[in-house]
Structures are given as C-alpha cells and as structure tokens.
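Shown next, in structure tokens, is the structure this report addresses.
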Amino acid sequence: MEERNMDKIRVAMLQIMPTGTMEGNLEKGLEYCRKASELEADIALFPEMWNCGYRIPEDRETLSALALTRKSPFLESYRQLARELNMAIGITYLEAGEGRKLPKNSITLFDRRGREAYTYSKVHTCDFGEECRIGQGEDFYVADLDTAKGKVKVGSMICYDREFPESGRILMLKGAEIVLVPNACPLEQNRLAQLRARAYENMMGIATVNYPQGQPDCNGHSNAFDGIAYNSDGSGSRDTLLLEADGTEGIFLADFPIREMREYRRREVHGNAYRRPKKYKILLAEDVLFPFYRPEARR
C-alpha cells in the first residue's frame, strides 16, 4: 500500500440542508465542497440523495424527472470540481435506471483526479416505505482511493444498509478501511450503536453524514468511528467515536488515524482471522419464516 503522509485521512461530512431545487442543490453542494477543500479535507461526503434532497414522489413520471445519469451535468460538475480541488467527492443522487428499470439510490465517489472510483447503489432498500418505488443495488464495492497522502481502501453503505451486519462484513472482506455512509433518517442511540458495532467488528472506519435538523425525519448527528477498540499499550478499551455532530447545518471533520488503524488490524483478533465461513451456510438461505415475514419485502 502506497504511503506518503498517511497519519490521517480527513473526511468532511457535509451536513447541509437541500435548497428545494436541483439547481440550488448543485450550487450549494459545489460551494460546500470548496469550503471542505479549504479545511484540508481528503474526501467530501454528502447526505443521501443530495440532488433531490431525498425525495421519492409517488408519481413515476415525477420520480423519473428527478433521476440523473452518471453523465449528467450535475455529476460532471462534481467530477470536474474534484479534479480542480485535488479532493475526492462522494456525491449522492437518484440514479436513472436503464430502459424501464427503476431509479436507484446511489453514491458516486470521484477521486482527486476526477476519476470514478465506484458507484454504489443502496442494496437494502426500505421496502416498507417510499423506497418500494426505487430499485436495489446488486453488490458492495471497494476501491483503492488515490488521495494526496497515498491510497486508502474505501467503500460505501447507504442508510438502512447499516442495519445488516452483512453489509459491513462484505466491505471488510473486500478490504475496506474506511466506509462512507450517506444517510437520511434520525440518528439516535440505537442507530449510532449499529454504526459503532459495524466499525468495531470489522476494525474499519465509518463516516456517516446526515441532513441537519429541519429536514423532514432527520436530526443531524453525523458521526465517525475509527474502529480501534483497544489501546496499543495494553491499557484496555477506548472509545472508537471520532465525532458526533449536533443538529445544526455545517461541515464536520473526522480525522481517521489511518496508520494506527492499519497497525490495529495487523495485531487484533476481530475481522477475518478467526471466522468460520463453513459454519455460516444458513446465511445464504432465502426462506423468511414467522415472525419475520413481510409481504412487501423484495428478494
């Protein structure tokens, strides 16, 4: 793994309110990316479906009008800005489906040269709510993200993905060191505990960015965990929390101690070393039994 000055990777979590229009969101997002660059961020991350402020209209025509292709001027603007600022940008949007396919809830991560590192679409859609009207992602992806300090392995979950340990586990198995998590729901103690657990059990960093208080069904509290649960000197456990924001609008910075995180992974017992995959075959079973069956859930 290439390293130049890899003591920390700084993620700027853009906990910002949408403007009400896609054009307004574009301009506001570009402005906040520039501010993040001034704060020496390596990665700027948006909350869930930034292009439309997490709107999923019932009318299919209206929904389709909000959806963007990866070659849209909206995304191209962020690609060019990433290259201009020498900073990675994780931009979120409702992604247009091909042909008659449903649009998806996606994040595209552009590296500091404006190259697409990956595009991830939400796998665990909230089919019990309005996300029954959008499509599901097919897989989880990890990329070697080129930063000015060196390369770091980065992947993503989106919001409800966090509730499934499998999401974080797959990303860990694919090598993710930092996971970027766009969000659009209240981040209260139980959801924070889920994110803490995903970081702890996989020995990886997790950065989650939410909309601020004032956006419907959101409360801010963007957060970051570094996954280092125990001190290197043998003195016991430590708090993995790097940052928990309040409910206000703003940029919140999380400095992931990537060198320490890598050393921790080399010595500790979580992650992959002691797993027993042959014992987990039931995890691939597709039957949903009482009391967990839900008629609206898609497979």
Side-chain angles (χ1 to χ4, degrees), residues 1 3 5-13 41-43 45 90 124 140 142-145 147 149-183 185-210 220-246 252-277 279-280 283:
M1 183 71 69
E3 294 188 13
N5 180 27
M6 289 293 281
D7 287 337
K8 67 182 180 182
I9 292 293
R10 175 167 288 182
V11 178
M13 292 175 283
D42 299 296
I43 305 170
L45 179 63
H124 298 99
F140 294 91
V142 171
D144 284 320
L145 183 68
T147 77
K149 299 169 184 172
K151 291 184 179 180
V152 58
K153 289 187 177 293
V154 178
S156 281
M157 302 184 288
I158 296 178
C159 199
Y160 190 51
D161 283 326
R162 105 196 128 250
E163 309 228 357
F164 300 87
E166 295 86 349
S167 305
R169 186 62 87 195
I170 290 170
L171 288 165
M172 180 275 292
L173 290 172
K174 290 186 173 184
E177 298 175 292
I178 297 175
V179 177
L180 307 176
V181 187
N183 191 83
C185 71
L187 288 173
E188 40 70 51
Q189 61 181 353
N190 295 304
R191 288 171 175 144
L192 291 171
Q194 290 171 330
L195 292 160
R196 183 188 293 271
R198 299 294 87 80
Y200 166 78
E201 65 202 8
N202 295 300
M203 296 193 291
M204 64 189 184
I206 293 184
T208 303
V209 59
N210 198 19
H221 289 267
S222 298
N223 57 85
F225 298 90
D226 63 17
I228 303 176
Y230 303 105
N231 292 307
S232 60
D233 60 6
S235 60
S237 64
R238 63 181 287 278
D239 191 353
T240 62
L241 181 69
L242 294 178
L243 168 77
E244 181 182 350
D246 58 15
F252 295 89
L253 303 173
D255 288 332
F256 287 89
I258 193 68
R259 192 183 302 276
E260 292 178 40
M261 290 164 62
R262 288 172 176 171
E263 286 299 322
Y264 180 74
R265 278 187 155 187
R266 292 187 182 107
R267 70 173 186 268
E268 269 301 342
V269 300
H270 312 296
N272 196 24
Y274 300 101
R275 292 175 66 247
R276 298 291 182 266
K279 308 297 185 183
Y280 307 154
L283 292 177

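Side chains included, hydrogens not; waters and symmetry mates left out as well; all remaining heavy atoms used.
The two atoms that bring L253 and L243 nearest to each other are O-CD2, 3.6 Å, heavy atoms only. When all heavy atoms of G271 and M172 are compared, the closest pair comes out as C-CE, 3.6 Å. Looking at every heavy atom in both residues, I9 comes nearest to T147 through CD1-OG1, 3.9 Å. When all heavy atoms of L192 and F225 are compared, the closest pair comes out as O-CZ, 3.8 Å. Taking all atoms of both residues into account, the shortest heavy-atom contact from A207 to F256 is CB-CZ, 3.9 Å. The heavy-atom pair separating Y264 from A229 by the smallest distance is OH-N, 3.2 Å.
Legend: ring pair (Phe, Tyr, Trp, His ring centres under 6.0 Å) pairs involving residues 186-208, not counting sequence neighbours, sorted by first then second residue: Y200-H270. Listed by first then second residue, pairs satisfying salt bridge (charged side-chain N to carboxylate O under 4.0 Å, His left out) with a partner in residues 221-232 read D226-R238, not counting sequence neighbours.
To the nearest 0.5 angstrom, D7 atom CG is 4.5 Å from R259 atom CZ. Between the CG atom of L187 and the CD atom of Q194 there is a distance of 10.0 Å, given to the nearest 0.5 Å. In this structure, CG in N190 is found 11.5 Å from CG in L195, a value given to the nearest 0.5 Å.
A heavy-atom distance below 4.5 Å is found between the side chains of R191 and E163. With contacts defined as side-chain heavy-atom distances shorter than 4.5 Å, the pair M157/I170 does not qualify. Side-chain contact between L242 and D255 is absent, with no heavy-atom pair separated by less than 4.5 Å. A 4.5 Å side-chain heavy-atom check between L171 and K174 finds every atom pair outside the cut-off.
In this structure, Y274 places its OH atom where only 12 or fewer heavy-atom neighbours from other residues, nucleotides or ligands lie under 6.0 Å away. Counting heavy-atom neighbours within 6.0 Å of Q189 CD, excluding the residue itself, gives a total of 12 or less.
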Item to check | side chain to side chain donor-acceptor pair (under 3.5 Å) evaluation trace for R162 with N183 | outcome: CA-CA 10 Å; R162 105 196 128 250; N183 191 83; 3.1 Å; yes

Next on the checklist: The test is side-chain contact (heavy atoms from CB on, under 4.5 Å); show your working for I178 and M261 and say whether it passes.
Outcome noted: CA-CA 10 Å; I178 297 175; M261 290 164 62; 4.3 Å; yes

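Side chain of E177 to main chain of K153: a donor-acceptor pair is present (N/O by atom type, distance under 3.5 Å, no hydrogens or angles). Proximity of a side-chain donor or acceptor of K149 to a complementary backbone N or O of K8 within less than 3.5 Å is detected. D233 contributes a side-chain N or O that, together with a main-chain N or O of S235, makes up a donor-acceptor pair within less than 3.5 Å. Checked by atom type and distance alone, the side chain of N210 pairs as donor or acceptor with a backbone atom of G220 at under 3.5 Å. A donor-acceptor contact shorter than 3.5 Å links the side chain of H221 to the backbone of A245.
Looking at residues two or more places apart in sequence or on another chain, you find a side-chain hydrogen bond (donor to acceptor under 3.5 Å, both in side chains) between R196 and D239. Residues forming a side-chain hydrogen bond (donor to acceptor under 3.5 Å, both in side chains) with R198 (at least two apart in sequence, or on another chain): E201. Partners of E260 by side-chain hydrogen bond (donor to acceptor under 3.5 Å, both in side chains), not counting sequence neighbours: none found. Checked against side-chain hydrogen bond (donor to acceptor under 3.5 Å, both in side chains), N202 has the following partners two or more places apart in sequence or in another chain: R169.
Ring orientation note: the planes of H124 and Y160 are nearly perpendicular, at an angle over 60° on the 30°/60° scale.
Looking at D42 and R10, no side-chain N of the basic residue comes within less than 4.0 Å of a carboxylate O on the acidic one, giving no salt bridge.
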